[in-house]
Every structure is written in structure tokens, then in C-alpha cells.
Amino acid sequence: MNNIAETLLLTFCNNFVAYYTTHQAHANTTGRNFYSDHLLLGTIYESLQDEVDTIGEFLRALDEPMPTSLTDIIATSNIEDGLSFGDSYIKDINFILGELIDTYVELQAVTKDTPEHMDLNNYAQDQIKNLHKFRWMLRSTME
């Protein structure tokens, strides 16, 4: 597996863990801000969920398989599985999205000088922009 494929696999796994963690935070939201937090987390997890297929297709275009088990996804991801509840879950999701941004920055870096992978580079840029917007929304929610 080359460096681009390895970074794309890490991106897939990190995105999947971020998706699942955000989805479970969405489903388990309670409290006075339930409605607004539930909607925001729903928007974020649905966006991350959409990227599972997109990144999987990028992997297949490189003739690399998608991970075949959740165990492999968690083992490959450098985003910690699970999160705490209570007042800190919004903060936890914000942190996780920051780690996911770092992953997309790495993907952008390994594809920047390869014209044949300009689509991946542009994709990484778009995801960085989207994730920054979600982090802004989460930070505003925490204030």
C-alpha cells in the first residue's frame, strides 16, 4: 500500500469513528438544550456518514479494499472510540472533528504534488472547510 492509500485508509477509519461517535452523542443527547444539540449533532453525523461511501469509493478507485470489520476500523483509527456524556460531549465532538481535520490536512499534503490525485486533494480541502464550519457551530454552542 502506498502513502496515498495508507493516508486514505486512515481518513476512512477516522471518519467512521467520528461518524459513529457523533451519531451516538446525537442519539443520547438529553438536557435543557436537547433540541438544538440533537439537531446540530444530527447534521454533523449525517455529513460524516455520507463521507463513508465517498471515501470507500476513493479507496476502491486505488484498488484498495475498504476495511471489512469494525475491529479493523477502530484499530486503524487514531481517534479514540467512545466519549463521555454530560456537559462535555459537545466539547468531545469538537475535539474529534479537530483530529479529523488533521487527517484531511495529511491527505491533502500527500496528494498535493500528484496531478493524478487532484480530485483527492480537492476533496480533502472541501472536507477541511466543512469540518471547520461544524467546529465553529460546536464552539458557539458551548459559549
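We're numbering straight along the sequence, starting at 1.
When the ring-ring contact (aromatic ring centres under 6.0 Å, His included) test is applied to F58, the partners found at least two apart in sequence or on another chain are Y123. Remark: N33 engages S36, D37 in a side chain to side chain contact (heavy atoms under 4.5 Å, CB included) (not counting sequence neighbours). Every residue two or more places apart in sequence or in another chain that forms a side chain to side chain contact (heavy atoms under 4.5 Å, CB included) with T114 is listed here: I4, T111, E116, H117. Listed by chain and residue number, S69 satisfy the side chain to side chain contact (heavy atoms under 4.5 Å, CB included) test with T71 (two or more places apart in sequence, or in another chain). With sequence neighbours left out, L70 forms a side chain to side chain contact (heavy atoms under 4.5 Å, CB included) with F16, I73.
Taking the side chain as every heavy atom from C-beta outward, L48 and L100 approach each other to under 4.5 Å. Counting heavy atoms from C-beta outward, H132 and L97 have side chains that stay 4.5 Å or more apart. Side-chain contact between L41 and I90 is present, with at least one heavy-atom pair separated by less than 4.5 Å. Residues E99 and T103 fail the side-chain proximity criterion, which asks for heavy atoms closer than 4.5 Å.
For N15 (side chain) and T11 (main-chain N/O), no donor-acceptor pair under 3.5 Å exists by modelled atom type. Using modelled atom types, one side-chain atom of R60 and one backbone atom of E64 make a donor-acceptor pair closer than 3.5 Å. Judged purely by atom type and a 3.5 angstrom limit, N78 has no side-chain atom pairing as donor or acceptor with the backbone of N14.
In terms of heavy-atom proximity, T29 sits nearest to H38 at CG2-N, 4.1 Å. Across all non-hydrogen atoms, the minimal contact from P67 to D72 is CB-CB, 4.5 Å. When all heavy atoms are compared, the tightest approach of I79 to A18 is CD1-CB, 4.5 Å. Smallest separation of non-hydrogen atoms from L59 and P65: CD1-O, 4.2 Å.
The aromatic rings of Y45 and H26 sit tilted, their planes meeting at an angle between 30° and 60°.
Taken together through direct or relayed side-chain contacts under 4.5 Å among Ile, Leu, Val, Met, Phe, Trp and Tyr, M137 and L39 form parts of separate hydrophobic clusters. Side-chain heavy atoms closer than 4.5 Å link hydrophobic residues (I, L, V, M, F, W, Y) into clusters, and following such links, even through other members, never connects M118 to Y104. Cluster membership check: M142 shares its hydrophobic cluster with Y89, using side-chain heavy-atom separations under 4.5 Å among Ile, Leu, Val, Met, Phe, Trp and Tyr. Tracing side-chain contacts under 4.5 Å through hydrophobic residues (I, L, V, M, F, W, Y), one never reaches L10 starting from F12; they form parts of separate clusters.
For OH of Y20, the number of neighbouring non-hydrogen atoms (other residues, nucleotides, ligands) closer than 6.0 Å is 12 at most.
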Could you walk me through whether N2 and E6 pass side-chain hydrogen bond (donor to acceptor under 3.5 Å, both in side chains), step by step?
CA-CA 6 Å; N2 66 39; E6 287 175 4; over 6 Å; no
Determine whether N130 and K133 satisfy the following criterion, side chain to side chain contact (heavy atoms under 4.5 Å, CB included), listing intermediate values before the conclusion.
CA-CA 5 Å; N130 292 340; K133 183 177 179 181; 5.7 Å; no
Could you give me the CA-CA distance, side-chain angles and deciding distance for I128 and Q108, then say whether side chain to side chain contact (heavy atoms under 4.5 Å, CB included) is met?
CA-CA 9 Å; I128 291 166; Q108 187 179 18; 3.5 Å; yes
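A side-chain contact (heavy atoms from CB on, under 4.5 Å) with T22 is found for exactly one of T43, I44, V17, namely I44.
Annotation: the span from M66 atom CE to E57 atom CD amounts to 9.5 Å, rounded to 0.5 Å. Distance CD/Q127 to OG1/T54: 7.5 Å, rounded to 0.5 Å. Between the OH atom in Y35 and the CG atom in L40 there is a gap of 12.5 Å [rounded to 0.5 Å]. Taking OG1 of T21 as the reference point, atom CD of E80 lies at 9.5 Å (rounded to 0.5 Å). Of the inter-residue distances, the one linking Y19 atom OH with S47 atom OG reads 12.5 Å to the nearest 0.5 angstrom.
Cluster partners of F95 are absent, since no Ile, Leu, Val, Met, Phe, Trp or Tyr has side-chain heavy atoms less than 4.5 Å from it.
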